[in-house]
2 protein chains.
Amino acid sequence: MTKSNYHHGDLRNSLIDTAIQLMGEHGVTRLSLREVAKSAGVSSAAPYRHFRDKAALLEAVASVGFRRIEKENSGACEKFPDDPCEQLRAAGLAYLHFAAEEPEIIALMFGRGVSLENCGDELQQAAQGAFQSLARIIEKGQSRGVFKRLELHDMTLATFSMVHGLSMMLALGPLKPAQSDSARINALGNLATTMLLEGLLER
Amino acid sequence: MTKSNYHHGDLRNSLIDTAIQLMGEHGVTRLSLREVAKSAGVSSAAPYRHFRDKAALLEAVASVGFRRIEKENSGACEKFPDDPCEQLRAAGLAYLHFAAEEPEIIALMFGRGVSLENCGDELQQAAQGAFQSLARIIEKGQSRGVFKRLELHDMTLATFSMVHGLSMMLALGPLKPAQSDSARINALGNLATTMLLEGLLER
DNA sequence: ACCTGAACACCGTTCAAGT
DNA sequence: ACCTGAACACCGTTCAAGT
């Protein structure tokens, strides 16, 4: 059933899934297109019917990651409909847990292997969607008078940078936690959120 | 002179320099060890006398990057010996300019291609040195009573994350500026520093 | 001690040919 | 329309052999 699907129209998605799984096993760096093809039960040339490039397949995987982040951000909004601070905290924590869960996808999304500027529409839109879902949280905070009214785009950028930078460290940095140590991740996320909200300065 | 050096003891450094230059031309992703060797005027097997691996060469390049950051941080300290806020701002700006100048080295240092946990001593020490030079700034801010007294390591981490996340965006993100647009970089760095110091919250 | 040349297994990509 | 098999140029790495 699953297998036969591969050969009547779903090869594209099957290749994406296989790539994600293999990346989880031995990293983006060591991922070869031939391996993905073989593992999906298809010849080395078959992927080229669905992706222009190896890069195009990687872009598709990165898009999955960005859509996931957008979904988490939206979820955080709905969970705390009236509290932008808690929305931010929830969104940040979700991002961090995602990074701990799927470090290789995060590495792919930003690290390299995908360019984010000379890329296809799918990835472009997925990335912008994720960014805008965060901007919406900040904007709401501004309109409620709890956040500063600096330039929205730049504030979003700085916020994203903080959480993303932390997730990079978690995903592949010096402080990769002992296999998804949930408590440690929460502690870090909460600290980062507090610092983001209140700043370094003593009041 | 330079060329003859390559063949009496300096091949190691020559390979590092060549790799950095080639990365600048066409990115880490497309960098091959054979190409580095050829470009340094040496056979494909020669690098293996000086580096265990292709990965080991990349680690050496990443180390160069971390040492550069440490130096910038120290410089920022000396420039404003009595003002931790300005130290932080100067360090952040230097990091951002470095990222704009050598995006591929930044991509290598964090993006992937170097693991930072299963790595050689040289890289380990270089990375820790960079981290600690930042921690020193924060610590001084705490002891002068201008920064909050949260856990030093975590505060350093969050600070580093903010600046690093921003530099990632600059280096290879959606907002790569028009070839080292210095004014834009400064504006971003200043905004990030302000947000870092004062937080998102309206006072 | 340091480097070369040839070799091995693998890779991305293309293309004629099959169904 | 979608896939295969064989081919091309390239890659990382090893190793005997050269100086």
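Note: hydrogens, waters and symmetry copies are ignored here, and every other heavy atom, side chains too, is used. In what follows, chains are A, B, ... by sequence order, proteins preceding strands, each numbered from 1.
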A.B. asks: Starting at atom CG of B:Asn13, determine the distance to atom P of C:dC2, rounded to an integer number of angstrom.
C.D. replies: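 Nearest whole value for this atom pair: 14 Å.
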
A.B. asks: Between B:Arg12 (CZ) and C:dC3 (P), how many Å, whole number?
C.D. replies: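 Rounded to the whole Å, the gap is 13 Å.
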
A.B. asks: Do A:Arg68 and A:Glu101 sit within salt-bridge range, that is, some charged N less than 4.0 Å from a carboxylate O?
C.D. replies: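 Salt bridge: yes.
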
A.B. asks: Would you say the ring centers of B:His153 and B:Phe160 fall short of 6.0 Å from each other?
C.D. replies: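 No, they do not, as the ring centres are separated by 6.0 Å or more.
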
A.B. asks: Less than 4.0 angstrom from a charged side-chain N to a carboxylate O is my criterion; do B:Glu78 and B:Lys71 meet it?
C.D. replies: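 So B:Glu78 does not pair with B:Lys71 through a salt bridge.
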
A.B. asks: Stem finding on DNA chain D, please: runs of three or more consecutive Watson-Crick or G-U wobble pairs, both distances under 3.5 Å, sorted by first number.
C.D. replies: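 Detected stem regions: C:4-8 with D:12-16, C:12-16 with D:4-8.
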
A.B. asks: Taking CG from A:Leu31 and P from D:dG12, how many angstroms apart are they, rounded to a whole number?
C.D. replies: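 Taking atom P of D:dG12 as the reference, CG of A:Leu31 is at 17 Å.
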
A.B. asks: Starting from P on D:dG12, measure out to CZ on A:Arg30 and report it in whole angstrom.
C.D. replies: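 For the pair A:Arg30 CZ and D:dG12 P, the rounded distance is 13 Å.
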
A.B. asks: Take atom CZ in A:Arg52; do more than 12 heavy atoms of anything else shown fall under 6.0 Å from it?
C.D. replies: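 No - once you tally the heavy atoms of other residues, nucleotides and ligands closer than 6.0 Å, there are 12 at most.
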
A.B. asks: What's the closest nucleotide to the side chain of A:Arg34 if the choices are D:dG12, C:dT4, C:dG12?
C.D. replies: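 Closest nucleotide to the A:Arg34 side chain: C:dG12.
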
A.B. asks: Check the distance between C:dC10's P and A:Leu22's CG and give it to me in whole angstrom.
C.D. replies: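 In whole Å, C:dC10 P and A:Leu22 CG are 16 Å from each other.
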
A.B. asks: Assess whether side-chain hydrogen bond (donor to acceptor under 3.5 Å, both in side chains) is satisfied between A:Gln128 and A:Gln124, documenting all intermediate values.
C.D. replies: CA-CA 6 Å; A:Gln128 289 200 358; A:Gln124 195 97 250; 4.8 Å; no

A.B. asks: In whole Å, I'd like the distance from the CG atom of A:Leu15 to the P atom of D:dC3.
C.D. replies: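 After rounding, the gap between these two atoms is 9 Å.
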
A.B. asks: Thinking salt bridges, do A:Arg136 and A:Glu139 make one under a 4.0 Å N-O criterion?
C.D. replies: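 A salt bridge is absent here (no side-chain N lies under 4.0 Å from a carboxylate O).
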
A.B. asks: Does A:Glu122 pair with A:Arg67 as a salt bridge, N-O distance under 4.0 Å?
C.D. replies: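 Yes.
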
A.B. asks: For A:Ser32, which contact category applies under a 4.0 Å heavy-atom criterion: base, sugar-phosphate, or nothing?
C.D. replies: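 The answer is sugar-phosphate, as A:Ser32 gets under 4.0 Å only of primed atoms, P, OP1 or OP2.
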
A.B. asks: To the nearest Å, give me how far apart CG (A:Asp10) and C1' (D:dA1) are.
C.D. replies: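 Spelled out: CG on A:Asp10 to C1' on D:dA1 is 16 Å.
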
A.B. asks: Should the ring pair B:His164 and B:Tyr95 be called parallel, tilted or perpendicular, given that the plane angle runs from 0 to 90° and is split at 30 and 60?
C.D. replies: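 B:His164 vs B:Tyr95 ring planes: perpendicular.
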
A.B. asks: What pairs meet the salt bridge (charged side-chain N to carboxylate O under 4.0 Å, His left out) rule with one or both residues in residues 36-49 of chain A, with sequence neighbours excluded?
C.D. replies: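 Every candidate salt bridge (charged side-chain N to carboxylate O under 4.0 Å, His left out) pair involving residues 36-49 of chain A fails, so no pair, neighbours aside, qualifies.
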
A.B. asks: Hey, can you pull the residues of residues 45-61 of chain A with a non-hydrogen atom under 4.0 angstrom from DNA chain C?
C.D. replies: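 Heavy-atom cutoff 4.0 Å gives A:Ala45, A:Tyr48, A:Asp53, A:Lys54.
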
A.B. asks: Measure from CG on A:Leu33 to P on C:dT13 and round the result to the nearest Å.
C.D. replies: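 Answer to the nearest Å: 7 Å.
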
